[in-house]
Amino acid sequence: KRARKNEQSRARAARLRERIADIEKKPVDARTEDDLKILEVCEEHRRKKNERSRDRGIEKKGELDTIMDKPEKSRTKAEQNKLAAFLRSRERKNEGDRMRRDRIKMMGLKATKKGVS
C-alpha cells in the first residue's frame with residue numbers, strides 16, 4: 001500500500017516538474033496566468049523546503065556544538081550515540097560528494113574528448 005502511494009507521489013512530482021519545464025521554455029510574454037501561478041506556487045514550496053532544511057541544519061549544529069563543548073567523559077550515552085550518528089552521516093555525505101565530483105569530472109573529460117575529435 002505504501003509503495004503504491006510513494007509511486008503515485010513520484011509520478012505526480014514528475015508530471016509537475018515536466019509541466020514547469022514546459023512553462024519555463026515558453027517566452028515570458030506567452031505565459032498564461034495559470035502558468036505564472038504554478039511557477040509561483042512551486043517557487044514558494046521550494047523556498048519553504050529550503051528554509052526548513054536550513055533551520056533543521058542550524059538546530060542540529062547547535063545540539064552538536066553543545067555536545068562537543070562537553071568533555072568526553074561527561075557526555076551521556078544518548079549524546080555519544082547522537083554524536084556518532086552525526087559523524088557517520090557526515091562521512092556518508094562526504095563520500096557521496098566525492099563520488100558526485102568524480103562523476104562530474106568524468107563527464108567533463110568526456111565532453112572535452114568529444115570536442116577534440
Side-chain angles (χ1 to χ4, degrees):
K1 187 176 182 176
R2 182 176 288 167
R4 192 169 61 89
K5 278 186 175 183
N6 288 342
E7 192 177 321
Q8 288 173 334
S9 178
R10 280 192 297 274
R12 210 173 28 252
R15 280 194 305 272
L16 183 60
R17 278 193 306 273
E18 203 173 287
R19 178 104 193 267
I20 288 166
D22 290 343
I23 292 170
E24 288 175 343
K25 285 178 192 171
K26 289 182 185 179
V28 177
D29 57 340
R31 296 175 185 172
T32 65
E33 270 190 47
D34 285 345
D35 291 346
L36 295 175
K37 191 119 186 156
I38 288 171
L39 286 175
E40 187 181 324
V41 167
C42 184
E43 183 61 29
E44 181 67 15
H45 283 200
R46 192 181 70 78
R47 190 190 60 71
K48 281 183 180 178
K49 180 181 170 194
N50 288 343
E51 195 174 302
R52 282 192 307 265
S53 182
R54 190 185 74 241
D55 290 346
R56 272 195 315 272
I58 290 169
E59 186 179 322
K60 187 177 248 185
K61 185 166 183 352
E63 288 176 18
L64 288 161
D65 286 345
T66 305
I67 294 171
M68 294 295 277
D69 288 345
K70 285 185 177 182
E72 265 186 65
K73 300 226 185 243
S74 65
R75 294 177 189 160
T76 66
K77 190 71 176 167
E79 289 171 337
Q80 291 171 3
N81 291 341
K82 189 178 276 194
L83 182 61
F86 175 75
L87 294 175
R88 274 193 309 273
S89 69
R90 183 183 282 171
E91 275 179 32
R92 285 195 311 272
K93 181 186 183 313
N94 288 342
E95 178 62 24
D97 288 349
R98 267 193 300 279
M99 290 167 58
R100 182 178 50 80
R101 284 193 302 270
D102 288 344
R103 274 196 312 272
I104 290 169
K105 206 180 290 181
M106 290 301 290
M107 289 190 321
L109 289 174
K110 286 180 183 177
T112 52
K113 284 181 184 175
K114 283 181 183 176
V116 170
S117 57

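Scope of the values below: all heavy atoms of this structure, side chains included, with no hydrogens, waters or symmetry mates.
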Across all chains, not counting sequence neighbours, the side chain to side chain contact (heavy atoms under 4.5 Å, CB included) partners of E43 are R46
Of all residues at least two apart in sequence or in a different chain, which pass the side chain to side chain contact (heavy atoms under 4.5 Å, CB included) check with N6?
R2, R10
Output the rest of the hydrophobic cluster of [X]: all Ile, Leu, Val, Met, Phe, Trp and Tyr residues reachable through side-chain heavy-atom contacts under 4.5 Å, sorted by chain and number.
X: I67; value: L64, M68, L83, F86, L87
X: I38; value: L16, I20, I23, L39
X: L36; value: none

Pairs where residues 88-100 contributes a residue and the test side-chain hydrogen bond (donor to acceptor under 3.5 Å, both in side chains) is met, not counting sequence neighbours:
K93-D97, E95-R98
side-chain hydrogen bond (donor to acceptor under 3.5 Å, both in side chains) partners of residues 19-29, not counting sequence neighbours, each pair once
K26-D35
Check the surroundings of atom CD in Q8: do more than 12 heavy atoms from other residues, nucleotides or ligands lie under 6.0 Å from it?
yes
Residue pairs involving residues 67-81 (criterion salt bridge (charged side-chain N to carboxylate O under 4.0 Å, His left out); sequence neighbours excluded):
K70-E79
Determine which pairs satisfy salt bridge (charged side-chain N to carboxylate O under 4.0 Å, His left out) with at least one residue from residues 47-57, sequence neighbours left out, and list them in order.
E44-R47, R47-E51
Residues two or more places apart in sequence or in another chain: which of them pass side-chain hydrogen bond (donor to acceptor under 3.5 Å, both in side chains) with K60?
none
Can you name the side-chain hydrogen bond (donor to acceptor under 3.5 Å, both in side chains) partners of K37, sequence neighbours left out?
none
